[in-house]
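Below is one structure, written out as structure tokens; comments come after it.
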Number of protein chains: 2
Amino acid sequence: MFCSKACEYAIRSMIFLADQSQNDIVPISKLSQELEISFTFLTKVLQQLTEKGYLISYKGAKGGVCLGKAPEEISLDDIVQAVSGHNMKSICATGNPDCDGLHPCPLHDRWQPIQKMLGDFYKETNLENYKVSLIDKLIK
Amino acid sequence: MFCSKACEYAIRSMIFLADQSQNDIVPISKLSQELEISFTFLTKVLQQLTEKGYLISYKGAKGGVCLGKAPEEISLDDIVQAVSGHNMKSICATGNPDCDGLHPCPLHDRWQPIQKMLGDFYKETNLENYKVSLIDKLIK
DNA sequence: AAGAATAAAGACTAATTTGTCTTAAAATAA
DNA sequence: TTATTTTAAGACAAATTAGTCTTTATTCTT
């Protein structure tokens with residue numbers, strides 16, 4: 001809904017990898033089984049993350065992929081950006097690409113606080129803190 | 001991004017109609033010119049709103065469309081629902097269709113407050129109050 | 001060295017969304 | 001009545017996204 005399927009698959013895969021106790025090398029075939037995603041399609045999606053350095057891939061027997069950076073250095077926004085080419089920072093509720101403070105669409109003022117929360121969520125959520133609910137975060 | 005193009009066009013059209021001083025009949029050709037949307041495509045999109053009663057359409061010379069209900073009775077969620085067949089109430093950040101409190105995806109807890117704000121925004125924003133910013137609303 | 005396991009790459013297919021074209025039906029205006 | 005203006009409807013085309021298939025390159029195991 002928000003992202004493409006490719007983005008969703010990427011996010012799910014990265015979280016799965018972050019959940020491994022060590023930063024183990026996991027074959028894409030295993031990811032595809034565990035997450036119930038087509039193997040060949042997932043391979044293509046993850047290649048985009050490898051190109052950007054968010055994954056490291058190893059060919060050959062015992063090969064696979066593992067995180068290319070520390071979990072706290074990979075945000076959801078990074079993943080979306082790498083796979084779909086855009087981020088979640090400036091989304092207009094009416095789909096007007098030129099909508100901004102100077103040329104606001106009719107929903108601009110009302111939409112803005114939501115937009116900000118969304119942008120922050122994707123930017124601030126990373127593979128280290130993704131489990132922490134925002135409510136817990138506020139309590140602390 | 002959030003909605004399909006069709007949804008965005010529908011929302012823009014409905015807001016344009018709500019902006020007319022009277023609930024005037026506006027030909028789709030005028031909507032398509034003002035909003036810079038393909039006429040034939042827009043016609044098909046708006047037909048879906050007519051079917052659900054959110055628009056009334058008039059054929060023939062001097063024909064066009066006008067709102068089918070009072071502006072405060074048409075929410076953004078209604079429009080999205082009519083055009084895309086789903087609403088904004090339960091969107092999982094990882095695209096898992098079965099994600100809920102009992103079977104949460106890894107992002108569930110963190111995503112939930114955002115999800116709620118989004119759902120509320122679409123439900124509570126209607127063609128009467130869409131101009132009022134949520135910040136103004138809180139101040140009142 | 002040979003075989004097996006794995007990612008990479010590219011061509012291809014399928015599904016969905018977006019958009020066009022044409023004709024018909026209805027209402028107004030002359 | 002006839003011409004004009006408009007929505008409705010359906011077939012079609014184009015673009016985008018999703019997914020498959022096949023081959024190659026690389027690495028490990030034996």
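The structure presented is a predicted model; accordingly, all values stated were derived computationally and were not measured. Residue numbers start from 1 in every chain, and the chains themselves are labelled A, B, ... in the order their sequence lines are given, proteins ahead of strands. Just so it is clear, the values below take in all heavy atoms, side chains as well, and ignore hydrogens, waters and symmetry mates.
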Open item on the list: Run the side-chain hydrogen bond (donor to acceptor under 3.5 Å, both in side chains) test against Asp120(B) and tell me which residues pass, sequence neighbours left out.
Closed with: Lys116(B)
Task: Approximate separation, where rounding is to 0.5 Å, of Arg12(B) CZ and Glu36(B) CD - done: 8.5 Å
Task: Asn129(B) side chain near Glu72(B) side chain, heavy-atom distance below 4.5 Å - done: no
Task: For atom CG of Leu46(B) and atom P of dT6(D), their distance in whole Å - done: 15 Å
- [ ] Find the distance Glu51(B):CD to dA9(D):C1' and express it as a whole number of Å.
- [x] 11 Å
Task: Distance in angstrom units between Ile56(A) CD1 and dT27(D) P, rounded - done: 14 Å
Open item on the list: Output the rounded distance in Å from CD (Glu8(A)) to P (dT17(D)).
Closed with: 14 Å
Task: Tyr122(A)-Ile91(B) co-clustered via ILVMFWY side chain contacts under 4.5 Å - done: yes
Task: Touch class at under 4.0 angstrom, heavy-atom based, for Ser57(A) against every strand present - done: sugar-phosphate
- [ ] Looking only at non-hydrogen atoms, find the nearest pair between Val80(B) and His86(B) and report the distance.
- [x] CG1-O, 3.3 Å
Open item on the list: Check this one for me: any side-chain N or O of Ser29(B) less than 4.0 Å away from OP1 or OP2 of dT5(D)?
Closed with: no
TODO: Starting at atom CG of Leu31(B), determine the distance to atom P of dT6(D), rounded to an integer number of angstrom.
DONE: 12 Å
Open item on the list: When you measure only distances, ignoring hydrogens and angles, does the side chain of Lys5(A) come within 3.5 Å of the base of dG19(D) through a donor and an acceptor?
Closed with: no
Task: Phe121(B) side chain near Leu76(B) side chain, heavy-atom distance below 4.5 Å - done: yes
TODO: May I ask you to evaluate whether Gln47(B) reaches the phosphate of dA9(D), defined as a side-chain N or O under 4.0 Å from OP1 or OP2?
DONE: yes
Task: Minimum-distance nucleotide (side-chain atoms of Thr43(B) versus dA8(D), dG19(D), dT18(C)) - done: dA8(D)
- [ ] Using whole Å, report how far NZ of Lys30(B) lies from C1' of dT7(D).
- [x] 18 Å
Task: Gap separating the OG atom of Ser75(B) from the CD atom of Glu128(B), nearest 0.5 angstrom - done: 13.5 Å
- [ ] Check the distance between dT20(D)'s C1' and Lys44(A)'s NZ and give it to me in whole angstrom.
- [x] 9 Å
Open item on the list: Heavy atoms only, 4.0 Å cut-off, all strands: where does Tyr9(A) land among base, sugar-phosphate and nothing?
Closed with: sugar-phosphate
Open item on the list: Measuring to OP1 and OP2 of dT20(C), would you say a side-chain N or O of Ser38(B) lies under 4.0 angstrom away?
Closed with: yes
Task: Proximity to DNA chain C (any heavy atom under 4.0 Å), residues of residues 58-69 of chain A only - done: Tyr58(A), Lys59(A), Gly60(A), Ala61(A), Gly63(A), Gly64(A)
Task: Distance, rounded to the nearest Å, where Gln48(B) contributes CD and dG19(C) contributes P - done: 14 Å
